[in-house]
Colleague: 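Handing you a structure now.
In what follows, chains are A, B, ... by sequence order, proteins preceding strands, each numbered from 1.
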2 protein chains.
Amino acid sequence: MTTGPDITRIAALLGDAGRANMLQALMGGQALTAGELAREAGVTPQTASSHLAQLEAGGLIARRCQGRHSYFALAGAEVAEALEHLTALAGRVGHLRTRPGPRDPEMRRARVCYDHLAGDAGVALLDALLARGRVEDRDGSLLLTEAGQAFARDFGVVLEGAGRRPLCKACLDWSVRRSHMAGVLGAGLLSRIYDLGWARRVEKTRIVRFTAPGLHAFEQAFGPVGREGLSRSTGII
Amino acid sequence: MTTGPDITRIAALLGDAGRANMLQALMGGQALTAGELAREAGVTPQTASSHLAQLEAGGLIARRCQGRHSYFALAGAEVAEALEHLTALAGRVGHLRTRPGPRDPEMRRARVCYDHLAGDAGVALLDALLARGRVEDRDGSLLLTEAGQAFARDFGVVLEGAGRRPLCKACLDWSVRRSHMAGVLGAGLLSRIYDLGWARRVEKTRIVRFTAPGLHAFEQAFGPVGREGLSRSTGII
DNA sequence: TCGACGCTTCGATCGCGGACGAACCTTGGG
DNA sequence: CCCAAGGTTCGTCCGCGATCGAAGCGTCGA
């Protein structure tokens, strides 16, 4: 009789081609939606949903619901490491990743996500707020600091009368695959960006188009758009 | 879209309880007969024969026929290492066996990992080698120093004729969740520990039981067993 | 030479789980 | 308010593989 942890559950999870393909796709580190993973595995959404539920129950992946999307990511670095190890044992190398995302570069750059800014600009926004201590990451949930409250007031964002809606909320960006700022603060900031004339919505689309001086002012206030953000070191996906 | 290595095949092999038990039994490093493995897995000889044929075809075990017996052993150290790694992941995500068993504490203290020492003692061994400069950590891979070569020679470990197998290798310990010493040096050290009478294998298990003077000598040579190791300050997990 | 033993092969059974169609729920956008 | 789309649940089908009985094959000991 052997002792120690039971590898059969995990191995059985990895032993199905569909699930293995999904995990390989997640090896890139990006969070992917259920639909994308279904396409990656070559199965229907129903089947993928079943597989993903099993992987989540098995502790190999983490789910994050975002609107009508379910984003999935590997549960941690140990999982990726073990996958690499198994891959090495299998004797071959090379993994394939999907590179999903909007085809429209403008959409990637800056768009509206319900009522707040998304895309490169939205991610840069949250990066800057985190880097300057206006928002803190408390175990995955965002917290508005006193400095952040002062900043919001100066910027012209009204935070009062929010009701039950959270002030700060991390929203997973579907093009950058990292978090941007949602919640009351996110909505208020975008509203002010409109008001200041930095940017405006493109009709019939979700695209947010910055004016040249507006983009300059935005980058002065928050940071460069479309680069490797500062929040890489934070726990925020 | 799956062009990568076939981890599915190997994982599926590990995903069956019978086969997994057989492999765990083989983690002791000794070759076992088909009948012994059948008893270990709790299946009939016919079923075991089928499983063993699959494991052999999958390259995880090697068969050696002697008379009317078929002896099986793990195909190599890398198989044992991958198994240990998977076990560590299983322990991390909480897939514990339903019955821990009374031998569990002894297994955690000192056991065999294929051909080298694992558990508290194995981790302490690597800690001591690192602390005394006999082994160095070069970006996660271990390097035997000249002082280490001298030490190995004095201790009676033969390092020559190793073939392609690495001299030093870090192997993730599933019970301590830190690395212990594998590779030619790890195997040679355990061999010498046996020869010196410091410890011996408990029959039919992976447990390594130290004698009282043997444990004292080991701790003199390498460091205390079962405490916070010395390598906390090093990069090795 | 014979029987016992160890292992393997063959054949049949059967249960688990992967697959998908259909329906349902929620969300986002107009 | 309505519609479209993403995701999940439910129910069903079906194929793979684990399992074991029975038989076959080689080896060992008397």
Colleague: With respect to the phosphate group of C:dG6, does any side-chain polar atom (N or O) of B:S70 fall under 4.0 Å of OP1 or OP2?
Modeller: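 It does not, given that no N or O in the side chain of B:S70 lies less than 4.0 Å from OP1 or OP2 of C:dG6.
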Colleague: Hey, does the Lys NZ or Arg CZ of A:R63 hover above the aromatic six-ring of A:F72, less than 6.0 Å from the centre and inside 45° of the axis?
Modeller: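 Cation-pi check for A:R63 and A:F72: fails.
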Colleague: Near DNA chain D, counting only heavy atoms under 4.0 Å, which residues of residues 47-56 of chain A show up?
Modeller: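 Here the set is A:S49.
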Colleague: For A:G18 and B:P45, take the nucleotide of DNA chain C holding the closest heavy atom to each; which residue's nucleotide lies nearer the 5' end?
Modeller: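 Comparing both residues, the 5'-ward one is B:P45.
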Colleague: What verdict does the salt bridge (charged side-chain N to carboxylate O under 4.0 Å, His left out) test give for B:R165 and B:D115, after you've listed the backbone C-alpha separation in whole Å, the side-chain angles of each residue and the deciding distance to 0.1 Å?
Modeller: CA-CA 13 Å; B:R165 195 177 174 199; B:D115 62 358; 2.9 Å; yes
Colleague: Are there any protein N/O atoms within less than 3.5 Å of an N/O atom in nucleotides 26-30 of chain D, and if so, which ones and at what distance?
Modeller:
unit_1	atom_1	unit_2	atom_2	d
D:dT27	O2	B:R68	NH1	3.4

Colleague: Counting side-chain heavy atoms from CB outward, which of D:dT8, D:dC20, D:dA18 is closest to B:R19?
Modeller: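 In terms of side-chain proximity for B:R19, the closest of D:dT8, D:dC20, D:dA18 is D:dA18.
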Colleague: Whole-Å distance between C:dG18 C1' and A:L14 CG?
Modeller: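 Going from A:L14 (CG) to C:dG18 (C1'), I get 16 Å.
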Colleague: So how far is it from A:T8 OG1 to B:Q24 CD, rounded to the nearest 0.5 Å?
Modeller: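 CD of B:Q24 is found 9.5 Å from OG1 of A:T8.
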Colleague: Distance check, rounded to the nearest 0.5 Å: B:R206 atom CZ versus B:R201 atom CZ?
Modeller: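 Going from CZ on B:R206 over to CZ on B:R201, the span is 8.5 Å.
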Colleague: Salt bridge (Lys or Arg N to Asp or Glu O under 4.0 Å) with A:R209: which residues, sequence neighbours excluded?
Modeller: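 A:R209: salt bridge (Lys or Arg N to Asp or Glu O under 4.0 Å) contacts with A:E106.
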Colleague: Could you tell me which residues satisfy ring pair (Phe, Tyr, Trp, His ring centres under 6.0 Å) with B:F210, sequence neighbours excluded, listed by chain and number?
Modeller: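 So B:F210 forms a ring pair (Phe, Tyr, Trp, His ring centres under 6.0 Å) with B:F218.
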Colleague: Protein-nucleotides 21-24 of chain C N/O pairs closer than 3.5 Å?
Modeller:
unit_1	atom_1	unit_2	atom_2	d
C:dG21	N7	A:Q46	NE2	2.5

Colleague: Within less than 4.0 Å of OP1 or OP2 of C:dC7, is there a side-chain N or O belonging to B:H69?
Modeller: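 Looking at the OP1 and OP2 atoms of C:dC7, one of them is under 4.0 Å from a side-chain N or O of B:H69.
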Colleague: At less than 4.0 Å, is any side-chain N or O atom of B:R63 found next to OP1 or OP2 of C:dT8? Yes or no.
Modeller: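 Answer yes for this pair, as a side-chain N or O of B:R63 is under 4.0 Å from OP1 or OP2.
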Colleague: Note down the inter-axis angle between the two ends of the helix from C:dT1-D:dA30 to C:dG30-D:dC1, five pairs each, to the nearest 10°.
Modeller: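 Taking the rotation axis at each end, their angle is 30°.
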Colleague: Working to the nearest 0.5 angstrom, can you tell me the gap between A:L86 CG and B:L86 CG?
Modeller: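 Here the rounded value is 4.5 Å.
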Colleague: Under a 3.5 Å cutoff, is there a donor and acceptor pairing between the side chains of B:S50 and B:T47?
Modeller: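 Absent: no donor and acceptor within the cut-off.
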Colleague: State whether B:R108 and B:D173 are salt-bridged, where the test is any N-O pair (Lys NZ or Arg NE/NH1/NH2 against Asp/Glu carboxylate O) under 4.0 Å.
Modeller: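 No, this pair does not count.
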Colleague: Can you tell me how the ring of B:H180 sits relative to the ring of B:H116, calling it parallel under 30°, perpendicular over 60° and tilted otherwise?
Modeller: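 Tilted, since the angle between the ring planes falls between 30° and 60°.
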